[in-house]
Amino acid sequence: MSVSQAGDIKAGGMVGHARFLAEPAFQRLVALEPWLKRAIPVLIIIFLAVVFSARTASLMAERDSADQTARMFLSLLADSGQGALREAAANDMMPQTPAAYERVLSRTLPTEALISGRMFLVTDVDGTVIAQRGGEDRIGQNTQTFIEGMQPLALFGQGAGVLETIIDERPYLAAAARIADTDALFLILQDKAEIFASWRRRASMNVTLFVATSSILLVLLYAYFAQVARAHEADLVYCETQKRVDLALTRGHCGLWDWDLARGRIYWSQSMFEMLGYRSGDEVLSFGEVARYVHPDDADLFDLAEKAAARDIVRVDRTLRMRHAEGYFIRLRLRTEAVEHPVHGIHLIGIAVDMTEQHRLAELSQLASDNLQAAIESTSESFALWDRDGKLVLYNHRFIEHNGLEEVVLQPGMARADVDALIRTPVSERRIPHPQEGGTAITCERQIADGRWLQINERATPSGGRISVGSDITPLKMQEERLIVSERRLMATNHDLVLAQRAALEKAVALEEINQKFFDAKERAEAANRAKAEFLANVSHELRTPLNAIIGFSEMIQRRILGPIGNPRYEEYIDDIHESGAFLLNVINDILEMSKIEAGRLVLDREPIDLQPIIEETMQMTAFLAQPKSIAVVTEIAPGMQVEADRRAIKQILINLLTNAIKFTGDQGQVRIRAKCVGCEVRIYIEDNGCGIPAAALQRLGKPFEQVQNQFSKNHSGSGLGLAISRSLTEMHGGALKIRSRVGRGTVVSVRLPCATGDHEAKPDAA
């Protein structure tokens, strides 16, 4: 900083923009500064002295009050204890033992009386402690041995008042009262340290607050003087900064403006005068002086000032021409914003930048842009230029036409993604690779909606943008397509001839092989069918005839038609014979039934059937299986349900499923039969709470001779055909059989059958 600048600050002067805004306030501050430097330390010392004196006097008064309160409370407690003992003596209940004294004192003096280090003693006429409440145990000790200054209390009793004594080198307050007009005493002792404990805490807190307040005030005093020193340094820095700002504004061809709308004045920086070529005098100008420099067609400063003062505008950003000292006009871009000054009202503060050169360059750029636009419009190719950010810069009418765009929608500055979204989707598009370009060039062939073919060539510009040029190659593509079609036709004709010859030979060989295989398979099928028919006939004749005889004779023996049986064991044997024969006959019947079904020779005699009687009849037929195991069979059957089916087949399905459910349900179990209409079909559910079926075994059930091995199947024999026959008969009726089961929880078998004709409008399932 120069010596002249430092001299200006010391003299109380200001420069630059600060002079325009803060000169009056700065002058007042400079005048008050010497007085403030002298007065502030004195005021702080006086304040601390007054606070110290006031708090000291208050603390001493509080200490005296605490002492007086303690003495008065001890005297009251002595009176209370003496009164209790006098009342006990008057009632001939004078305590004789320490425990009796303890009970009297505990009733008279509550536990709260022992706080703050109080101790109650009862002495005999010799001064020996005979009872005590609170404090260290003194029973049996003479008060003269451990209480210094006890004589006045022993001589005068309550008349001695409250005295200071010493116990174990610690000061105590003591009060005494005689017991029943004898030399025996009731003593109350209180530690003085406990009396003043609260007062000491308050005193410590006040000292801490005084020290903290003094420290804060001293820190503020130091900060004040440091701030004054920094303010002087800041003034020096400000002057230097002001010089640098003026230099920067001059080099940047811009100037600082500050409009004081209330006073009608405008502040110009030094660079503003230099930019316009005028000699700077007073840096604050009037509106009228500045208005003479502005071109009359560009701005009315008075109108702008009125709008800003009325808050119609809060900022100004416009370009205007101002007259140079040599007579020509220069273009300035004025950018200001309204700022509320706390003292001087609204100011418009901003800068004015010389835009003359930029305006000339913009005119040249616009001229070049117009020439370029005219040139690309005259070409027959479509043209589009994108900048490095993917924004549209330039395009011609061919680009709009080829891409199916609307001229009113397409505008320069649009993002490429937005333009691509507006482009009409081409019929087809094929990209042509350019390995030698390294990925910077893109060429593709595109067919647009009107049938024309375009070749789009896109290249990168040095600035990072993209140039897209599209050429109409429709004639070339048409000629190319004609050549390709002709070549394909020729190749297809030749290929078809070759394939036709090869296919004819292969078909002849294949037909001959298929014919031979067909005859062989036919002969094997006919032989197998004959063998199967013969086997079934033999089984029917050779097995069923003797089985019927075995079963018939066993029944005669069971009924004792020809007389009683001699040996009881024979009765068991004949029952086993009858049961085994019946079981074997059922197995043979199931095998024959399954064979008829698989051969397609089973013919169903369909008729409308009411399900409820059939289900009840089936339950009666299987009741003998459920009774020995105490299994409850429960039914929930909606009345009036009819199906068009074979009565014998439906009964066989129900018997097989119900028998299985009872067979694989344990003792005391339950089997439940439900039937209901759902839409145009009848659903029958047979549920049990037996052992259940593993998930892996469910896939095998329903196939001939398949059984699930569990703890129940080991005890019940069977052919494994019952479920397969039931599934096949259900499917022959156009229905379906499904099984759901969980191990240990039970099994549910559902049978779905179509309703009888005319019963399709049954009520839907409420569930």
Side-chain angles (χ1 to χ4, degrees), residues 579 582-583 586-587 589-590 593 609-643 645-678 681-693 697-698 701-702 707-708 710-727 729-730 733 735-753 762 765-767:
E579 183 179 350
F583 172 76
N586 288 334
V587 171
N589 290 335
D590 289 342
E593 186 76 14
I609 300 173
D610 191 354
L611 279 179
Q612 187 171 5
I614 292 182
I615 294 175
E616 292 176 353
E617 183 180 349
T618 303
M619 290 175 58
Q620 294 175 1
M621 295 175 66
T622 56
F624 72 96
L625 297 175
Q627 289 174 357
K629 300 169 70 176
S630 299
I631 296 175
V633 181
V634 182
T635 60
E636 292 180 11
I637 305 171
M641 290 186 300
Q642 290 190 352
V643 294
D646 188 295
R647 180 181 297 274
R648 186 193 63 82
I650 296 300
K651 184 181 294 185
Q652 186 172 1
I653 292 171
L654 295 174
I655 290 174
N656 289 340
L657 296 179
L658 189 56
T659 302
N660 282 342
I662 295 173
K663 183 190 299 182
F664 294 105
T665 300
D667 294 342
Q668 306 297 326
Q670 183 184 38
V671 176
R672 184 181 179 193
I673 304 175
R674 294 187 296 120
K676 59 184 178 180
C677 289
V678 180
E681 64 182 13
V682 173
R683 295 186 182 181
I684 304 172
Y685 299 91
I686 300 177
E687 306 174 15
D688 65 74
N689 56 359
C691 59
I693 304 170
L698 284 175
L701 286 181
Q707 282 186 310
V708 179
N710 54 31
Q711 66 271 27
F712 285 99
S713 63
K714 293 177 182 178
N715 299 325
H716 298 278
S717 59
S719 63
L721 290 173
L723 190 59
I725 293 172
S726 298
R727 184 186 295 275
L729 292 175
T730 302
H733 283 83
L737 184 146
K738 292 185 178 180
I739 304 174
R740 292 184 290 108
S741 181
R742 293 180 63 183
V743 176
R745 303 290 293 274
T747 305
V748 178
V749 181
S750 65
V751 178
R752 293 186 299 171
L753 297 171
D765 184 15

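Between V682 and Q642 there is no side-chain heavy-atom pair separated by less than 4.5 Å. The shortest distance between side-chain heavy atoms of M641 and I684 does not fall below 4.5 Å. Looking at I725 and I653, their side chains never come closer than 4.5 Å, going by heavy atoms from C-beta outward. With a 4.5 Å cut-off on side-chain heavy atoms, T635 and E616 do not count as touching. In this structure, the side chains of V751 and L654 stay at 4.5 Å or more apart for every pair of heavy atoms. Looking at heavy atoms from C-beta onward, V749 lies out of side-chain contact with N660 at the 4.5 angstrom threshold. Using a 4.5 Å cut-off on side-chain heavy atoms (C-beta onward), I637 and L611 make no contact. Within the 4.5 Å cutoff, side-chain heavy atoms of T618 are placed close to those of K651.
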Exercise for the section: With side-chain contact (heavy atoms from CB on, under 4.5 Å) as the test, would you mind laying out the steps for L753 and I650 before giving the verdict? Expected result: CA-CA 10 Å; L753 297 171; I650 296 300; 3.7 Å; yes
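For the residue pair T747 and S741, the shortest heavy atom distance occurs at OG1-OG, 2.9 Å. When all heavy atoms of R727 and I739 are compared, the closest pair comes out as NH2-CD1, 4.2 Å. Closest approach of S726 and Q652 over heavy atoms only: OG-O, 4.4 Å. Of all heavy-atom pairs spanning G666 and I631, the tightest one is O-CG1, 3.7 Å. Counting all heavy atoms, side chain and backbone alike, P613 lies closest to D610 at CD-O, 3.3 Å. When all heavy atoms of I686 and A661 are compared, the pair lying nearest together is CG2-CB, 4.0 Å.
For E636, the side chain to side chain donor-acceptor pair (under 3.5 Å) partners are R672, not counting sequence neighbours. The side chain to side chain contact (heavy atoms under 4.5 Å, CB included) search around N689 returns T665, Q670, not counting sequence neighbours.
Atom CZ of R742 is surrounded by 12 or fewer heavy atoms from other residues, nucleotides or ligands within 6.0 Å.
How far CG of D688 is from CG of L658: 10.0 Å, rounded to the nearest 0.5 Å.
In this structure, K629 contributes its side chain and K663 its backbone to a donor-acceptor pair below 3.5 Å.
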